[in-house]
Amino acid sequence: VVTYNTLINGSFRWQSSSNAIQLLEIMEKSSVRANAVTHNIMIKGLCGEGKIEEANKALRKMVQSGFSPDSITYNTLINGYCKVGDMCGAYKLLEEMLQKGIKMDIVTLNTVLHYLCKDRMLGKAIALFRFAPRKGYMLDEVSYGTMIVGYFNNEKVDEALKLWDEMKKKGIFPSLVTYNSIIAGLCKAGKINEAFSKLNEILNCGLLPDETTYNTLIHGYCMEGKLEEAFQFHNKMLENSFKPDAITCNILIHGLCKEKMVDKALKLFNKWVSKGKTIDVITYNTLIAGLCREGKIDMALELFGEMEEKKLGPD
RNA sequence: GUCCUUUGUUUUCUA
């Protein structure tokens, strides 16, 4: 069943729910029985595609098969409801969970913190963040990372940095994700040099930056109009054998368009395509926006036609 | 004591 679980989960991640469901059906026809993890994977996968109804069906099936939803099940569903904006649904589930005697854990708490921050209720998030330890919750790296991002998104740069220090003082060592978060925040605040110095800190800690790290910094430089530096980072990425991805491409194209260099953006785009690298809807949207701004509507429409050919549905 | 599942980080449009 572990084999099937791994495959089903991977299928959701890299293919689609229909492939995953097929695998589940194959498993059901065999002598292998689904376990609680299988059900949790199904629920998560369906939530991930925004199919809340289907996820609920999967939940019912789980119960029918004799499994009790656990905290992972509930956390998954609560996150799913929040993701589609159904806070009432999420709240109902939370109550149901508590009624069944399943305690909120740090994951539940972090999920709530995240959506409070996202829905511009930073104040409530802060209150919860400060109150939780008194209730026995051990704030972890995700809690801190979530709040740091929340502060940055509300332009509270100093507070974000204060939390960063507080976290370290507590002996929680930032992982790459948290470093990426603070780099993004510093970039957004226009503190690109401080963001850059965090990259050195990453290396000194023995961590390795990833594509997100580079993309974030490249984006930071682009936003400042420093395209030279942005492309230097792009080259550095290649040197260090990281693979610039569609996001990298989108960032660079956007940066070029912003500086009224749509022609160069188009060149980059063509180069990217000819190398067989992936592009996506956002690539097209970015280029089309750049072209429209310059009044080159016919070229924009040409790209629009290409989108349909490539089955990248315009949105 | 080992495998699988839940939370945080990067890109596009409205001045």
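Throughout, protein chains are lettered first and strands after them, A, B, ... in sequence-line order, and every chain is numbered starting at 1.
- The side-chain contact (heavy atoms from CB on, under 4.5 Å) test with A/Asn110 singles out one residue from A/Asn79, A/Asp105, A/Val142, and that residue is A/Val142.
- Among residues two or more places apart in sequence or in another chain, the side-chain contact (heavy atoms from CB on, under 4.5 Å) test is passed with A/Ile282 by A/Asn250, A/Asp280, A/Thr286.
- Salt bridge absent: A/Lys236 and A/Glu239 never bring a charged side-chain N and a carboxylate O closer than 4.0 Å.
- Protein atom CD1 of A/Ile78 is 14 Å distant from nucleotide atom P of B/G8, rounded to whole Å.
- Computed from coordinates, the A/Leu24 CG to B/U5 C1' distance equals 14 Å when rounded to whole Å.
- Side-chain atoms of A/Val2 lie closest to B/C4 of the nucleotides B/U5, B/C4, B/U9.
- At a threshold of 4.0 Å, the pair A/Glu28-A/Lys61 counts as salt-bridged, since one of the basic side-chain nitrogens sits closer than that to a carboxylate oxygen.
- As rounded to whole Å, 12 Å separates atom P of B/G8 from atom CG of A/Leu113.
- For A/Phe233 and A/Phe242, the distance between ring centers is not under 6.0 angstrom.
- Contact check on A/Glu166 versus A/Arg130 returns a salt bridge, with a Lys/Arg side-chain nitrogen under 4.0 Å from an Asp/Glu carboxylate oxygen.
- To the nearest angstrom, C1' of B/U7 lies 8 Å from CG of A/Asp140.
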Reading nucleotides 10-15 of chain B from 5' to 3' and marking B where a protein heavy atom lies under 4.0 Å of the base, S where only the sugar-phosphate is that close, and - otherwise, the string is BBBS--
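- With sequence neighbours excluded, no residue forms a ring-ring contact (aromatic ring centres under 6.0 Å, His included) with A/Tyr151.
- Applying the 4.0 Å criterion to OP1 and OP2 of B/U5, one finds that A/Lys44 has every side-chain N and O outside that range.
- The CD1-C1' distance, from A/Ile43 to B/C4, rounds to 15 Å in whole Å.
- In this structure, A/Asn35 places its CG atom 14 Å from P of B/U6, rounding to the nearest Å.
- Side-chain N/O atoms of A/Thr178 and base N/O atoms of B/G8 include a donor-acceptor pair closer than 3.5 Å.
- The interatomic distance linking A/Tyr4 (OH) with B/U5 (P) rounds to 18 Å, in whole Å.
- Rounded to whole Å, atom C1' of B/U7 lies 14 Å from atom OH of A/Tyr137.
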